[in-house]
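The sequence lines fix the lettering, A, B, ..., with proteins before strands; numbering per chain opens at 1. In this text, all values refer to a predicted model and were calculated from it rather than measured experimentally.
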There are 2 protein chains.
Amino acid sequence: MRPYSTYDSDTCSIARTLALIGDRWTLLVLRDVANGVRRFDEIAGHLGIARNILSRRLAGLAQAGLIERTAYREPGARERHEYRLSGPGRELVPILLAFMQWGDRNLAGPEGPPALVRHAGCGAPIRVSLTCDQGHELGERPRVWLEPGPGSRMRPGATPEGHALIG
Amino acid sequence: MRPYSTYDSDTCSIARTLALIGDRWTLLVLRDVANGVRRFDEIAGHLGIARNILSRRLAGLAQAGLIERTAYREPGARERHEYRLSGPGRELVPILLAFMQWGDRNLAGPEGPPALVRHAGCGAPIRVSLTCDQGHELGERPRVWLEPGPGSRMRPGATPEGHALIG
DNA sequence: CATACTAAGTTGCATATCGAAACCTAGATA
DNA sequence: TATCTAGGTTTCGATATGCAACTTAGTATG
């Protein structure tokens with residue numbers, strides 16, 4: 001099998017997703033929106049993000065269809081806007097939780113993790129795990145095998161020969 | 001329960017992890033290293049990253065203990081270096097796969113995903129899933145509940161009162 | 001009615017980070 | 001002695017980010 005480096009780096013789903021949400025703030029904005037911090041000033045105050053940057057990020061996320069900007073009006077107040085996760089946006093939750101789980105395990109102090117996630121249905125703690133279609137559960141340091149998929153593309157200018165690919 | 005925004009944003013495990021690997025390149029560097037692209041020039045060529053930035057990222061990742069820089073020498077060649085994931089680094093694989101899965105589902109073209117991941121043991125495709133301790137499997141758009149953990153911290157200057165927290 | 005207040009941005013400018021390309025270094029080879 | 005190559009480092013211009021002031025439109029206040 002050809003080495004991974006012969007495949008185009010930008011075609012990768014990781015690269016594509018990072019192009020959308022892979023800057024210093026976007027994932028934190030999504031975290032806040034997911035946690036019910038929905039209004040502009042509230043997000044800005046909580047994150048400490050510059051307002052112009054937040055403005056750009058929210059616009060970008062809305063355009064990408066990850067959040068929805070909706071108007072609402074409380075009685076006796078003027079119309080305001082709030083941001084909520086869209087369907088595809090809610091599918092990002094596993095990414096957020098994967099980050100959280102790694103941080104809990106590797107960066108938390110002796111007091112323990114700063115937050116706990118529970119299943120909204122039953123209240124039990126949640127874990128991110130990798131499972132294969134045969135039902136095997138892979139541990140915390142999984143050994144996986146990567147192979148080119150139908151949408152793979154060669155890197156322009158890559159030499160066509162190569163040796164083994166790992167996992 | 002207090003709203004999420006009354007808790008310190010930087011204490012969060014997501015924020016802490018992002019501070020380590022949350023820039024435009026680091027996750028791609030880790031992806032390449034995980035996939036056997038181990039040498040400086042090879043990574044630089046594959047990613048199209050500026051060499052000075054790659055140099056900084058590799059140094060940072062090594063200092064953080066996520067990758068290991070080891071010298072090796074092929075017979076009749078001079079000593080060289082290569083980078084490999086460390087133990088904690090391998091624990092980042094679920095993050096990479098969560099990104100990949102989201103991109104496969106939301107950004108792939110009609111041809112299909114650019115790559116497939118398989119269990120190194122049995123060869124079956126792998127999925128990232130959320131499961132709770134009672135054995136429930138949460139779907140693609142999970143509903144979860146967040147609550148403060150033992151390591152939580154109030155945001156300096158946050159008002160002590162607040163209403164409901166979502167999930 | 002005039003004034004002030006607030007949420008939700010926008011604008012202008014200073015600073016920090018990034019990228020491209022040239023340069024550097026040390027060991028192997030000719 | 002000169003050359004090649006992997007693995008960087010330096011320099012400098014281009015981008016991105018942060019900060020603070022300004023804008024806008026409804027709402028409340030005197």
Side-chain angles (χ1 to χ4, degrees), chain A residues 3 5 9-10 15 18-30 32-33 36-64 67-84 156-157 159, chain B residues 3 5 9-10 15 18-30 32-33 36-64 67-84 157 159 163:
Chain A
S5 60
S9 170
D10 294 341
L18 278 172
L20 228 54
I21 60 172
D23 73 288
R24 192 140 103 267
W25 290 113
T26 299
L27 225 52
L28 291 177
V29 172
L30 288 165
D32 271 23
V33 171
V37 185
R38 302 204 174 92
R39 300 203 321 271
F40 187 92
D41 277 5
E42 206 182 352
I43 301 171
H46 186 226
L47 293 186
I49 183 178
R51 302 163 66 79
N52 52 353
I53 301 300
L54 175 57
S55 179
R56 240 183 275 170
R57 292 292 169 269
L58 287 170
L61 286 172
Q63 198 187 346
I67 60 175
E68 281 155 11
R69 183 181 191 266
T70 59
Y72 72 99
R73 178 190 295 261
E74 287 176 7
R78 97 193 222 211
E79 189 179 77
R80 303 208 178 292
H81 299 109
E82 63 176 12
Y83 300 90
R84 285 171 184 268
T159 63
Chain B
S5 61
S9 171
D10 293 341
L18 278 173
L20 229 53
I21 61 171
D23 74 287
R24 194 143 98 265
W25 289 112
T26 300
L27 226 52
L28 291 177
V29 172
L30 288 165
D32 270 24
V33 171
V37 185
R38 302 206 174 91
R39 302 207 314 276
F40 188 92
D41 277 4
E42 206 182 353
I43 301 171
H46 187 227
L47 293 186
I49 184 179
R51 303 163 64 82
N52 50 354
I53 301 299
L54 176 58
S55 178
R56 240 184 274 170
R57 294 292 169 271
L58 288 170
L61 286 171
Q63 197 186 349
I67 60 175
E68 282 155 10
R69 182 180 193 268
T70 58
Y72 71 99
R73 177 190 295 260
E74 287 175 8
R78 93 192 226 214
E79 188 179 76
R80 305 209 177 291
H81 299 111
E82 63 176 11
Y83 300 91
R84 286 170 183 269
T159 63
H163 357 29

Here the distance between atom C1' of C:dA7 and atom CZ of A:R69, to the nearest Å, is 11 Å
Practice task
Would you indicate, yes or no, if D:dA16 has its OP1 or OP2 atom less than 4.0 angstrom from a side-chain nitrogen or oxygen of A:W25?
Solution key: no
May I ask you to verify if any side-chain N or O of B:S55 is less than 4.0 angstrom from the OP1 or OP2 atom of D:dT9? yes
- Query: Under 4.0 Å between a side-chain N/O of A:R56 and OP1 or OP2 of C:dG9, yes or no?
  - Reply: no
* Asked: Side-chain N or O of A:R73 less than 4.0 angstrom from OP1 or OP2 on D:dT27?
  -> yes
query = Do B:W25 and B:R56 touch side chain to side chain, with heavy atoms closer than 4.5 Å?
reply = no
Atom CD1 of A:I53 and atom P of C:dT17 are separated, to the nearest Å, by 14 Å
Worksheet item: Between B:R80 and C:dA28, does any side-chain N or O lie under 4.0 Å from OP1 or OP2?
Response: no
The answer to which of A:Y72 and B:A50 contacts DNA chain C further toward the 5' end, by nearest nucleotide, is A:Y72
Check: Going by distance alone, is a donor N or O of one side chain under 3.5 Å from an acceptor N or O of the other, for A:Y83 and A:R69?
Finding: yes
Looking at C:dG9, I'd like to know if its phosphate oxygens (OP1 or OP2) sit under 4.0 Å from a side-chain N or O belonging to A:Y83.
yes
Side-chain atoms of B:F40 come closest, of C:dA7, D:dT17, D:dG8, to D:dG8
| task | Give a yes/no on whether any side-chain N or O of A:R51 is located under 4.0 angstrom from OP1 or OP2 of C:dT11. | result | no
A:R24 atom CZ is separated from C:dT15 atom P, nearest whole Å, by 17 Å
Note to self: At less than 3.5 Å, do the side-chain atoms of A:N52 and the base atoms of C:dG12 form a donor-acceptor pair?
What the structure shows: yes
Checklist entry - Base, sugar-phosphate, or nothing for B:A77, non-hydrogen atoms under 4.0 angstrom? => result sugar-phosphate
Is it true that B:R84 and B:E82 have a side-chain N and a carboxylate O under 4.0 angstrom from each other? yes
Rounded to whole Å, NE2 of A:H81 lies from C1' of C:dG9 at a distance of 10 Å
### Message
Could you check whether the side chain of A:R78 and the base of D:dA25 have a donor-acceptor pair of N or O atoms closer than 3.5 Å, going by distance alone?
### Response
yes
Q.
So for atom CD, which belongs to B:Q63, do other residues, nucleotides or ligands contribute more than 12 heavy atoms lying within a distance under 6.0 Å?
A. no
Separation of D:dA6 atom P from B:R38 atom CZ, nearest Å, is 17 Å
Of the listed D:dT17, D:dG8, C:dA8, the closest approach to the A:D41 side chain comes from C:dA8
Is the phosphate of C:dT17, meaning OP1 or OP2, less than 4.0 Å from a side-chain N or O of B:R57? no
Here the distance between atom P of C:dA28 and atom CD of B:E79, to the nearest Å, is 9 Å
Less than 4.5 Å apart, any side-chain heavy atom of A:T26 and any of A:L30? yes
